[in-house]
Amino acid sequence: METEEKKLENLLKWAAHLGITDSSNGVPSHSHSSLGHSLTISHFPLAGGRGLGAVRGIREGELILKVPKSALFTTRSLLNKDHNLSHAVNSHPSLSSAQILTVCLLYEVGKGKNSWWHPYLMLLPRSYDILATFGQFEQQALQVDDAIWAAGKAVLKAEIEWKEASKLMKQLQLKPQLVSFKAWLWASGTVRILSQLMHTKIIGSWILVSSRTMYIAWDEAGCLCPVGDLFNYAAPGEEPNGLENVGGMMNASSLTEGDAEGILDSEKFNPQLQRLTDGWFEEEANAYCFYARQSYEKGEQVLLSYGTYTNLELLEHYGFLLDENPNDKFFIPLDTGIYSSGSWPKESQYIHQNGKPSFALLSALRLWLTPANQRRSVGHLAYSGCQLSVDNEVSVMKWISKKCHGQLKNLPTSSEEDNLLLSTIDKIQDYKTPMELKRVLSTFGGEVCTFLEANGVQRGKNGGELSFSGKTKLSIERWKLAVQWRLRYKTTLADCISYCSEIINSLLCKNVSTVRTKQLMR
Ligand SMILES: C[S@@+](CC[C@H](N)C(=O)[O-])C[C@H]1O[C@@H](n2cnc3c(N)ncnc32)[C@H](O)[C@@H]1O
């Protein structure tokens with residue numbers, strides 16, 4: 001069996017042969033490796049594992065990697081090379097472009113060493129922790145209804161897409177293990193993760209700066225980009241103020257999808273959008289080009305922004321989350337009347353990761369907590385983000401605080417318990433014998449026991465070593481991600497409660513001092 005090192009060497013040799021290069025002028029250098037001028041493959045345990053590090057000082061804006069069109073793994077490039085595949089795919093016009101790219105990937109994997117892409121395929125991750133791979137236990141471990149729902153939906157979607165594509169896979173006579181749902185999760189996860197970087201998307205009348213695809217103009221599914229897909233992720237900073245804070249956003253609802261698409265297509269309308277991603281396909285160069293978003297010192301990991309994502313979205317699309325995510329946001333259940341009292345979209349009414357309510361949530365609540373017969377007269381103030389009165393503002397803060405308290409109370413565990421559980425989960429992976437595990441369980445029971453039961457964790461035949469199957473180890477990773485996610489949710493809600501108390505106190509203090517001043521002046 002080839003070592004990981006040998007596989008990497010083969011990949012870089014293969015990539016150099018295809019003209020993939022990290023030379024600063026973008027000209028391939030006929031070397032045996034496509035990397036070495038600017039980048040090298042390294043391990044970054046705290047930020048994504050395998051990734052790309054700088055081999056020299058890199059300046060912001062420098063071209064750091066160029067991947068020619070001929071090296072991109074796209075449906076079109078595969079169909080052009082394989083008549084059998086092309087014929088079969090064309091007889092299934094109802095499949096989506098992502099489903100087709102997924103089948104193409106499995107088909108290519110099935111060719112083994114005979115695949116032209118073999119050096120690249122050998123180094124693809126073996127599994128992912130995206131939401132679609134979450135079993136019932138891990139889904140429930142998210143605890144928050146919205147997140148459980150998102151996970152359930154992701155699993156269901158994957159199942160439906162797999163069933164729809166199974167006819168094509170059978171027609172292509174893929175090996176049984178490549179037709180399985182497990183293989184589908186892997187392949188669709190690969191397509192989702194490695195082709196779905198950097199693309200602006202429009203939902204309803206909203207331009208979401210969050211990204212979805214490693215965009216190529218000629219295929220909705222995007223492309224797999226050898227070597228370019230080794231960049232790990234760093235969040236691009238908070239959403240541009242233009243989308244969250246400016247009162248002009250209320251006009252967003254009058255922007256039709258067509259208008260928005262036109263604006264986006266021009267790619268000129270907002271330089272901030274472009275700054276959120278660091279790579280794109282350049283027609284002139286006929287290549288995917290990646291630029292350094294910031295300066296890096298030798299040895300530092302060079303990171304890429306795939307777009308702005310909340311932690312739940314990162315989990316859904318990429319299978320990881322960030323400890324500190326400036327784009328994270330959390331939703332609390334709101335009464336339906338709140339949505340109908342104003343025109344703020346549901347997605348805009350949330351709590352920021354720092355605990356502050358969003359502009360739209362505050363505006364909507366200010367209006368909703370105003371008596372119905374007075375709303376018309378203060379609507380313009382609410383929409384422009386102004387406080388309506390001290391009483392109104394205090395009611396808003398009390399309302400949010402109460403909601404957060406209610407949410408926290410309804411969740412099965414507290415933040416303290418989750419913190420303890422996280423360290424317990426780490427211990428489960430460390431402890432090897434039943435005796436040791438017993439000690440861990442005595443400090444924390446409940447969920448840990450359910451996990452062990454759900455995964456049928458067995459003792460070794462001789463009653464000695466605990467045996468954790470590969471499946472159980474993956475489940476442990478996903479469980480940990482679920483607990484980390486819900487802990488962030490709880491921390492944010494607790495921060496929001498503190499924020500509301502601070503505002504209430506400062507408003508009441510100001511009010512008291514104003515009344516006193518007025519009394520003194522009389
Ligand atoms: C485009 S790939 C990046 C290369 C990947 N590390 C590899 O070895 O193939 C994206 C995947 O890398 C991991 N990843 C990227 N950025 C990360 C980060 N900041 N923290 C944790 N995992 C990250 C996630 O598993 C994600 O699905």
Side-chain angles (χ1 to χ4, degrees), residues 4-5 7-8 10-12 15 20 22 34-35 39-53 64-65 67 72-73 101 105 117 119-134 154 185-199 210-215 221-237 276-280 288 290 293-294 296 300-328 353 473-474 477-478 480-482 484-485 488:
E4 197 71 5
E5 217 172 305
K7 285 186 207 163
L8 280 174
N10 288 345
L11 170 73
L12 295 181
I20 298 177
D22 67 341
S34 57
L35 298 183
L39 304 166
T40 187
I41 299 176
S42 300
H43 264 82
F44 301 93
L46 299 179
R50 187 176 58 179
L52 293 171
I64 42 172
L65 188 70
V67 182
L72 300 177
F73 185 108
L101 189 58
L105 176 59
W117 300 93
Y120 171 62
L121 300 177
M122 288 296 284
L123 279 156
L124 288 176
R126 297 286 117 204
S127 64
Y128 304 104
D129 294 326
I130 51 176
L131 282 186
T133 65
F134 276 35
L185 280 179
W186 171 80
S188 60
T190 303
V191 164
R192 178 181 281 268
I193 290 170
L194 302 186
S195 79
Q196 307 217 338
L197 314 172
M198 304 180 298
H199 182 42
S210 64
S211 304
R212 294 286 183 272
T213 52
M214 187 174 268
Y215 178 75
C223 64
L224 304 191
C225 183
V227 187
D229 57 17
L230 288 171
F231 285 107
N232 285 320
Y233 173 83
L276 292 169
T277 60
D278 322 309
W280 47 82
Y288 229 97
F290 296 85
R293 159 158 44 133
Q294 58 171 75
Y296 294 95
E300 269 189 293
Q301 174 164 215
V302 179
L303 294 157
L304 199 70
S305 150
Y306 312 158
T308 58
Y309 287 99
T310 64
N311 268 348
L312 191 60
E313 288 167 334
L314 279 177
L315 210 47
E316 180 175 355
H317 301 292
Y318 299 102
F320 71 94
L321 39 82
L322 300 175
D323 278 347
E324 292 293 327
N325 183 353
N327 303 301
D328 214 5
Q353 47 85 32
K473 282 182 190 154
L474 283 176
E477 275 313 307
R478 290 167 193 157
K480 191 171 165 183
L481 284 167
Q484 283 170 333
W485 183 84
R488 279 246 49 92

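Whatever order the structure lists ligands and atoms in, that order sets their numbers, starting from 1. Model, not experiment: these values are computed from the prediction.
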Fill in the blank from the handout: Note: Leu322, heavy atoms under 4.0 Å from ligand 1, region reported as side chain
Problem - Whether Leu304 lies under 4.0 Å from ligand 1, heavy atom - result: no
Practice task
Please check if the distance between the ring centroids of Tyr288 and Trp280 is under 6.0 Å.
Solution key: no
Practice task
For Leu8, check side chain to side chain contact (heavy atoms under 4.5 Å, CB included) against everything at least two apart and list the hits.
Solution key: Ile41, Leu123
Exercise for the section: Select the closest option to atom 12 (O) of ligand 1 among Asp323, Leu303, Asn232, judged by heavy-atom distance. Expected result: Asn232
Practice task
State whether a side-chain donor-acceptor pair under 3.5 Å links His317 with Arg192.
Solution key: yes
Practice task
Verify the distance criterion only: is there a donor paired with an acceptor across the side chains of Tyr120 and Asn10 at less than 3.5 Å?
Solution key: no
Handout entry: Gln353 side chain to Asn325 side chain, donor-acceptor N/O pair below 3.5 angstrom
Key = no
Problem - Flag for Tyr309-Tyr233: side-chain donor and acceptor within less than 3.5 Å - result: no
Handout entry: Location of contacts on Ile193 toward ligand 1, heavy atoms closer than 4.0 Å
Key = side chain
Practice task
Would you check if there is a donor-acceptor pair between the side chains of Arg293 and Ser305 at a distance under 3.5 Å?
Solution key: no
Problem - Leu230 neighbourhood, listing ligand 1 atoms whose heavy-atom distance to it stays under 4.0 Å - result: 4 (C)
Problem - Min heavy-atom dist Tyr128 to ligand 1 below 4.0 Å - result: no
Exercise for the section: For ligand 1, find out whether one of its N or O atoms is nearer than 3.5 Å to an N or O atom of Phe231. Expected result: no
Problem - Side chain, backbone, both or neither: the part of Pro125 lying under 4.0 Å from ligand 1 by heavy atom - result: side chain
Problem - Sub-3.5 Å N/O-N/O distance, Asp229 and ligand 1 - result: no
Fill in the blank from the handout: Looking only at non-hydrogen atoms, the one of Tyr318, Tyr233, Tyr306 nearest atom 19 (N) of ligand 1 is Tyr233
